[in-house]
Amino acid sequence: MSVKVKSEVIVNCSGTEVNETRNHVYLTHDGLLRREYREHQSQSDTSDYTEYRDSPDNGKTWGQWVRTAPKTKEQVGEDEIAWGAYPRALNVWNPVHRHYIDVRYNMIYIGGYDGATANFWKHGLLREMPHTYIDVYDENRNPVCHQLVRYEDGDGFDKENYRASNYISTNIGIGSDIYVMKNGDILISFCAPVDVCCKRAGLDVSKLCPSNPTQTNAFMACRGSWNKEKHEYDLTFSDPLVLDDRQSSRGINEPIMAELSSGKILLVFRMSNVLYTEWNSRISPYAPSYKMFSISEDGGKSFSVPMPWHFDSREVIYSSATYSLFVRSEKSGKLYWFGNITDPTKTDGNMPRYPLCIVEVDEDWGCAKKASLDVIDTRAEGETERVQLSNFGIIQDRETGNFELYLTKYEQFPNKHLRDCEVWKYTITE
């Protein structure tokens, strides 16, 4: 093994059909002031409310829990509006320009969350109308800018007029990951509807993705260069990457990027082989599922044709349609990937979601080093076949250099609600 793993339960099963998630961040770019977030969830992909508590001594002692807002989703007429973010995209320090960055998304659920979700699964209609924002704060956490990620003309969010066509139907997309480059530019992994990306690329969406052209995602890298005069980022977008819906029934999702020591930018993302009969999916019922990758050699302006991601042994990294992360070790400088590597004969859509693995990335070619592969955790005796080891966040301890991974094990126990589950902490030592 290349790493050592210590695991422990930190939140027991509540039995209330409401689960917790836990994530940790440092509040300053140096020092030991740490914040722990816990979200309470009774619905998929959204929170009921979030709380936080602070520790001045790196988690040795903690203050009281504070609720950030009464509810995450706000009822506005017959609709619901929510703000969210991936933990990886919050409180990111830019050491060149010396400010903090949050990448958040604004979700509009037409007809409310339940109605929009039903229309998504039954009719393939866009569920949440997402828009992405960049928030910049100075070293004292004073706000500097609140910037809509725009790839076309359109207005910003106005709660009194959010259904206006020049907002709700423009600049749709979600930023899932942010990476600060060596020169201080930022890269945001950005997914937008495939019909929009086909139009930008001059492609015929009716040939590439007729099954669900508005809900299926394509990819653009959003690169930002800090404009000191405007106090915001000047944004440019890469050429779109679009998959044929016979390659992936849900297109490109949850992309992550990293700048390699070779100067190349590595992109890895999830595809899906699930067959949606409601959407008239064209993917083969025998299609495999894997993580896919692409390389940019021009700073994120263009990317190579996506291929299955693989080890340096030439073996394909088969994986269900699940979240993954790149993290560069502050102790060794090595770049690691965290995610699910699954049995190719059993991988169908989002399942299975175990084992959870860590592997070092080759800095020249962007492949994974097979000899470095370790299993962080896998399905244990007494857990269901659908247990999820895929919903996690990572922080590096500034005193030890160790990785701390926090994970909620949805669908953990037989004969229990999927949200009656435990939260685990894994301490990973190189």
Side-chain angles (χ1 to χ4, degrees), residues 86 88-90 92-97 101 103 132 134 149 151 173-192 197 200-201 217-226 233-243 247-248 251-271 290-312 316-317 319 323-330 332-339 358-369 372 394 396:
Y86 285 84
R88 172 73 171 165
L90 293 175
V92 176
W93 173 246
N94 188 324
V96 176
H97 301 297
I101 308 165
V103 175
T132 297
I134 300 170
V149 175
Y151 56 83
I174 188 166
S176 59
D177 191 55
I178 180 172
Y179 187 87
V180 179
M181 303 181 72
K182 296 172 185 176
N183 68 350
D185 284 3
I186 60 172
L187 280 173
I188 298 174
S189 302
F190 190 79
C191 286
C197 289
R200 289 176 65 89
N217 283 327
F219 166 83
M220 293 187 288
C222 174
R223 181 161 182 165
S225 298
W226 183 244
Y233 279 94
D234 292 330
L235 303 180
T236 57
F237 293 84
S238 70
D239 298 334
L241 281 186
V242 181
L243 293 182
Q247 294 174 281
S248 172
I252 296 172
N253 285 286
E254 293 181 328
I256 54 173
M257 288 186 285
E259 186 179 18
L260 306 179
S261 59
S262 62
K264 301 173 184 176
I265 296 169
L266 171 64
L267 165 70
V268 169
F269 59 86
R270 59 179 251 197
M271 51 80 69
Y290 31 72
K291 289 295 186 281
M292 300 188 77
F293 88 107
S294 178
I295 293 286
S296 174
E297 298 185 0
D298 56 10
K301 296 177 183 177
S302 63
F303 285 81
S304 62
V305 174
M307 294 175 56
W309 200 34
H310 51 270
F311 293 108
D312 53 5
V316 168
I317 298 176
S319 179
Y323 177 65
S324 65
L325 271 182
F326 286 129
V327 183
R328 187 173 292 281
S329 169
E330 296 171 2
S332 67
K334 295 177 180 179
L335 179 66
Y336 290 98
W337 176 83
F338 296 80
I358 177 175
V359 66
E360 185 186 350
V361 176
D362 179 276
E363 298 272 2
D364 292 318
W365 297 103
C367 54
K369 295 182 177 182
S372 72
I394 298 173
Q396 290 187 72

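Throughout, numbering of the chain's residues begins at 1 and tracks the sequence.
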Using the side chain to side chain contact (heavy atoms under 4.5 Å, CB included) definition, which of the options Val242, Asp239, Asn217 pairs with Cys197?
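When Val242, Asp239, Asn217 are each tested with Cys197, the side chain to side chain contact (heavy atoms under 4.5 Å, CB included) holds only for Val242.
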
Please determine which of Leu243, Ile252, Val268, Leu241 meets the side chain to side chain contact (heavy atoms under 4.5 Å, CB included) test together with Met292.
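So the option named by the test is Leu243.
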
Point-to-point distance, once rounded to the nearest 0.5 Å, from [atom1] of [X] to [atom2] of [Y]:
X      : Y      : atom1 : atom2 : result
Leu235 : Arg223 : CG    : CZ    : 12.0 Å
Tyr151 : Ser238 : OH    : OG    : 12.5 Å
Tyr233 : Asp185 : OH    : CG    : 8.0 Å
Cys222 : Ile186 : SG    : CD1   : 6.5 Å
His97  : Trp226 : NE2   : CH2   : 8.5 Å

Can Lys369 be said to sit on top of Trp337's aromatic six-ring, NZ or CZ under 6.0 Å from centre and within 45° of the ring axis?
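Here Lys369 fails the 6.0 Å and 45° test against Trp337.
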
So [Y] and [X], do their side chains get closer than 4.5 Å, heavy atoms only?
X      : Y      : value
Ile295 : Leu266 : yes
Tyr290 : Ile317 : no
Ser329 : Gln396 : yes
Pro306 : Phe269 : yes
Ile265 : Met181 : yes
Ile134 : Ile188 : yes
Val96  : Asn183 : no
Ile256 : Phe338 : no

Parallel, tilted or perpendicular: rings of His310 and Phe293 (30°, 60°)
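Rings of Phe293 and His310: perpendicular, over 60°.
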
Does [Y] offer a backbone N or O that forms a donor-acceptor pair with the side chain of [X] under 3.5 Å?
X      : Y      : answer
Trp93  : Val180 : no
Ser225 : Asp234 : no
Ser248 : Met271 : no
Ser176 : Pro255 : yes

What heavy-atom pair brings [X] and [Y] nearest, and what distance separates the two atoms?
X      : Y      : answer
Asp362 : Asp364 : OD1-N, 2.9 Å
Ile178 : Val103 : CD1-CG2, 3.8 Å
Ser324 : Gly339 : CB-CA, 4.2 Å
Phe303 : Ser294 : CB-OG, 3.1 Å
Ala258 : Leu335 : CB-CD2, 3.8 Å
Gly184 : Asn94  : O-ND2, 2.9 Å

With salt bridge (Lys or Arg N to Asp or Glu O under 4.0 Å) as the test, pick out the partner of Glu363 among Lys334, Lys264, Arg328.
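The passing option is Arg328.
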
Evaluate the side-chain contact (heavy atoms from CB on, under 4.5 Å) criterion for residues Asp177 and Tyr323: first the C-alpha distance (whole Å), next the side-chain angles of each, then the deciding distance (0.1 Å), finally the verdict.
CA-CA 11 Å; Asp177 191 55; Tyr323 177 65; 5.8 Å; no

Tyr179 and Phe326: aromatic ring centres closer than 6.0 Å?
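Ring centroids of Tyr179 and Phe326 are no less than 6.0 Å from each other.
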
Cationic N near anionic O, under 4.0 Å, Arg88 to Glu254
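Salt bridge absent between Arg88 and Glu254.
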
Polar side chain donor-acceptor pair, Ser296 to Asp298, under 3.5 angstrom
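Asp298 and Ser296 do have a side-chain donor-acceptor pair below 3.5 Å.
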
I'd like to check the salt bridge (Lys or Arg N to Asp or Glu O under 4.0 Å) partners of Arg200; sequence neighbours left out, ordered by chain and number.
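Not a single residue meets the salt bridge (Lys or Arg N to Asp or Glu O under 4.0 Å) criterion with Arg200.
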
